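Everything below concerns the one structure shown next.
Not measured: the values here are computed from a predicted model.
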Amino acid sequence: MLFSRGFSRIGRNSFSGLCRCLLLRRMDAHQLFVSSIYSQSLSESTQKILGCRDFFSWGLPPVFHGYRHQIHHQSSSIVEEPLDPFSLVSDELSLIADRLRDMVVAEVPKLASAAEYFFKIGVEGKRFRPTVLLLMSTALNVTVPEPPTQLREALSMELRARQQCIAEVTEMIHVASLLHDDVLDDADTRRGVGSLNCVMGNKLAVLAGDFLLSRACVALASLRNTEVVSLLSTVVEHLVTGETMQMTTTSDQRCSMEYYIQKTYFKTASLISNSCKAIAILAGHTAEVAMLAFEYGKNLGLAFQLIDDVLDFMGTSASLGKGSLSDIRHGIITAPILFAMEEFPQLRAVVEQGFDNPANVELALDYLGRSHGIHRTRELATKHANLAASAIESLPESEDEDVRRSRRALLDLTHIVITRTK
């Protein structure tokens, strides 16, 4: 597509206004694209872990202490200023949230109520994935001088609207996967409130997830880009594959770090990595740039999940929005236990016996507390965060202020992901 690889910079305030105008003029969920195309304290078990190695720091690993300096030193061309990645795209996030609530309206009131359950104000979460995708959209802007100014702005607005659609589709797929996961896990809470399956029952929760996926498919098809449709369709396949891998593991697979990372990619990182790649493809970038966007999303997603695994052993149900130790109590073996097993091979016998017996849970936690499992998991998360940062650093240079600011925000997100406490 002529001009598709580059669009002029529009200042943030004026661009937000353009986006607001554009989105507010959309009459329904699909019109624009069809034509153009934990309140509890730490459990005794967790306190037991924290007290087992008083000489070991359960905070940030030493390997990470110079991390932000490393990133910002490499990014010396980017203006140094405090950034809140979420605030940079807050106007668009608000509009996308409104759009999502409109897109899940259904003719059957009960289904509509179920589908919008986690899109309601106050329950919707921080919109981490749409934030990443909106920042990536700006980070990949490339200025070309040829088109007249008015045409450049029109093309830029159209591209941004299409990229916003990817953010909306990604969030619907994500929430649908949460609804299905909660049914499979028999979860009681999600994001600090009662899970949909607990409030409305398993059948309606499954149907609500299916409904979200169908709406995501309709929005995705409206983009009329077969490569993007293929990418996001693969994500749904990966979600199912990852969940199946988790449910049907052999003894050797449960104790394999390689198997765990592959499963984690399918369940968590595939969605954000392929969505980032889709953002680049819509902008007409080369395969090399699209792969850098993919690598950023993949490694950010892996780092995010690794820290989630750590927090499941350390956080409270109020901070995590789910019960602490929920993974191990469901028999799910994550990175901290796998690393602990390398130090204490006898832990494998406990894992193979299963965790239906609370005594085995306590024994596994004891081994974990005496190991460097948490520390090594944080180190692995940091490694993936650094790989994500390297992908951003490898993007073609740009003098555009908005592009540089967004890239800096994407770098800061890698820091936020591995230092978060909830």
Practice item. Apply side chain to side chain contact (heavy atoms under 4.5 Å, CB included) to Asp366 and Glu362, showing your working. Key: CA-CA 6 Å; Asp366 180 65; Glu362 292 300 314; over 6 Å; no
Practice item. Please lay out, stage by stage, how Arg405 and Glu401 fare under the test salt bridge (charged side-chain N to carboxylate O under 4.0 Å, His left out). Key: CA-CA 6 Å; Arg405 185 184 294 112; Glu401 180 183 349; 2.6 Å; yes
Practice item. Test side chain to side chain contact (heavy atoms under 4.5 Å, CB included) on His180 and Leu213 and set out the steps. Key: CA-CA 11 Å; His180 287 163; Leu213 288 176; 4.2 Å; yes
**Study point:** Criterion salt bridge (charged side-chain N to carboxylate O under 4.0 Å, His left out) on Arg420 and Asp308, from CA distance to verdict
**Key:** CA-CA 9 Å; Arg420 64 195 178 93; Asp308 243 19; 3.0 Å; yes
Point to revise | Intermediate values then yes/no, side chain to side chain contact (heavy atoms under 4.5 Å, CB included), Thr170 and Val132 | key: CA-CA 11 Å; Thr170 297; Val132 171; over 6 Å; no
Exercise for review: List the steps, then state whether salt bridge (charged side-chain N to carboxylate O under 4.0 Å, His left out) holds for Glu393 with Arg407.
Suggested key: CA-CA 8 Å; Glu393 292 289 351; Arg407 291 181 182 182; over 6 Å; no
Exercise for review: Would you sort out whether Val206 and Leu179 count as a side chain to side chain contact (heavy atoms under 4.5 Å, CB included), showing the intermediate values?
Suggested key: CA-CA 7 Å; Val206 170; Leu179 297 179; over 6 Å; no
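Residues Ile333 and Phe355 form a side-chain contact, since some pair of their non-hydrogen atoms from C-beta on lies under 4.5 Å apart. Leu232 has its side chain within reach of Ser275: a pair of non-hydrogen atoms, C-beta onward, lies under 4.5 Å apart. For the pair Ile96/Val89, no side-chain contact is recorded, criterion being any heavy-atom separation below 4.5 Å from C-beta on. Residues Ile416 and Phe128 form no side-chain contact, since every pair of their non-hydrogen atoms from C-beta on lies 4.5 Å or further apart. Within the 4.5 Å cutoff, no side-chain heavy atoms of Val104 are placed close to those of Arg215. The shortest distance between side-chain heavy atoms of Leu133 and Ile272 falls below 4.5 Å. Using a 4.5 Å heavy-atom cutoff, the side chains of Leu300 and Thr414 are in contact. Between Leu223 and Ile166, the closest side-chain pair of non-hydrogen atoms falls below 4.5 Å.
Salt bridge status for Glu295 with Lys298: present, with a side-chain N to carboxylate O gap under 4.0 Å. A salt bridge links Glu352 with Arg348: the distance from a Lys NZ or Arg NE/NH1/NH2 to an Asp or Glu carboxylate oxygen falls below 4.0 Å.
Heavy atoms only, all atoms of each residue included: Ala219 and Val169 are closest at CB-CG2, 3.8 Å. When all heavy atoms of Asn360 and Val350 are compared, the pair lying nearest together is O-CG1, 3.6 Å. Closest heavy-atom contact between Asp309 and Ala335: OD2-N, 4.0 Å. Thr131 and Pro85 make their closest contact through CG2-O, 3.9 Å (heavy atoms, listed as atom of the first residue, atom of the second, distance). Of all non-hydrogen atoms in Ala340 and Leu347, the two that sit nearest each other are CB-CD2, 3.9 Å. For the residue pair Ala290 and Ala280, the shortest heavy atom distance occurs at CA-CB, 3.7 Å.
Here the straight-line distance linking atom CZ of Arg160 with atom SG of Cys165 works out to 13.5 Å at 0.5 Å rounding. With rounding to the nearest 0.5 angstrom, the CD1 atom of Ile281 is 11.0 Å from the CG atom of Leu140. Interatomic distance, CG of Leu196 versus CG of Leu178, reported as 11.0 Å (0.5 Å rounding). Atom-to-atom distance recorded for Met257:CE and Ile337:CD1 is 11.0 Å, nearest 0.5 angstrom. Atoms CG and CD, from Leu292 and Glu288 in turn, are 8.5 Å apart once rounded to the nearest 0.5 Å. How far CZ of Phe339 is from OG of Ser371: 10.0 Å, rounded to the nearest 0.5 Å.
Under 3.5 Å, the side chains of Ser270 and Asn274 contain a donor-acceptor pair of N or O atoms.
At distances below 3.5 Å, not a single donor-acceptor pair connects side-chain atoms of Ser406 with backbone N or O atoms of Val403. The backbone N or O of Gln253 sits nowhere less than 3.5 Å from a side-chain atom of Ser256 that would complete a donor-acceptor pair. Side-chain N or O atoms of Asn202 include none that pairs as donor or acceptor with a backbone N or O of Val183 at under 3.5 Å. Not one N or O on the side chain of Gln246 forms a donor-acceptor pair closer than 3.5 Å with the backbone of Ile332. Here the side chain of Tyr367 pairs no donor or acceptor atom with the backbone of Gln346 at under 3.5 angstrom. Between the side chain of Ser230 and the main chain of Glu227, no donor-acceptor pair closer than 3.5 Å is present. Side chain of Thr382 to main chain of Arg378: a donor-acceptor pair is present (N/O by atom type, distance under 3.5 Å, no hydrogens or angles). Of the possible polar contacts, none joining the Tyr259 side chain to the Thr249 backbone as a donor-acceptor pair under 3.5 Å is found. In terms of modelled atom types and a separation under 3.5 Å, the side chain of Ser177 and the main chain of His174 share a donor-acceptor contact.
Less than 6.0 angstrom separates the ring centroid of Tyr265 from the ring centroid of His238.
Here the options are Glu92, Glu168, Glu171, the test is salt bridge (charged side-chain N to carboxylate O under 4.0 Å, His left out), and the partner is Arg99; only Glu168 passes. Looking at Gln262, Gln305, Glu243 one by one, the single match for side chain to side chain donor-acceptor pair (under 3.5 Å) with Lys267 turns out to be Glu243.
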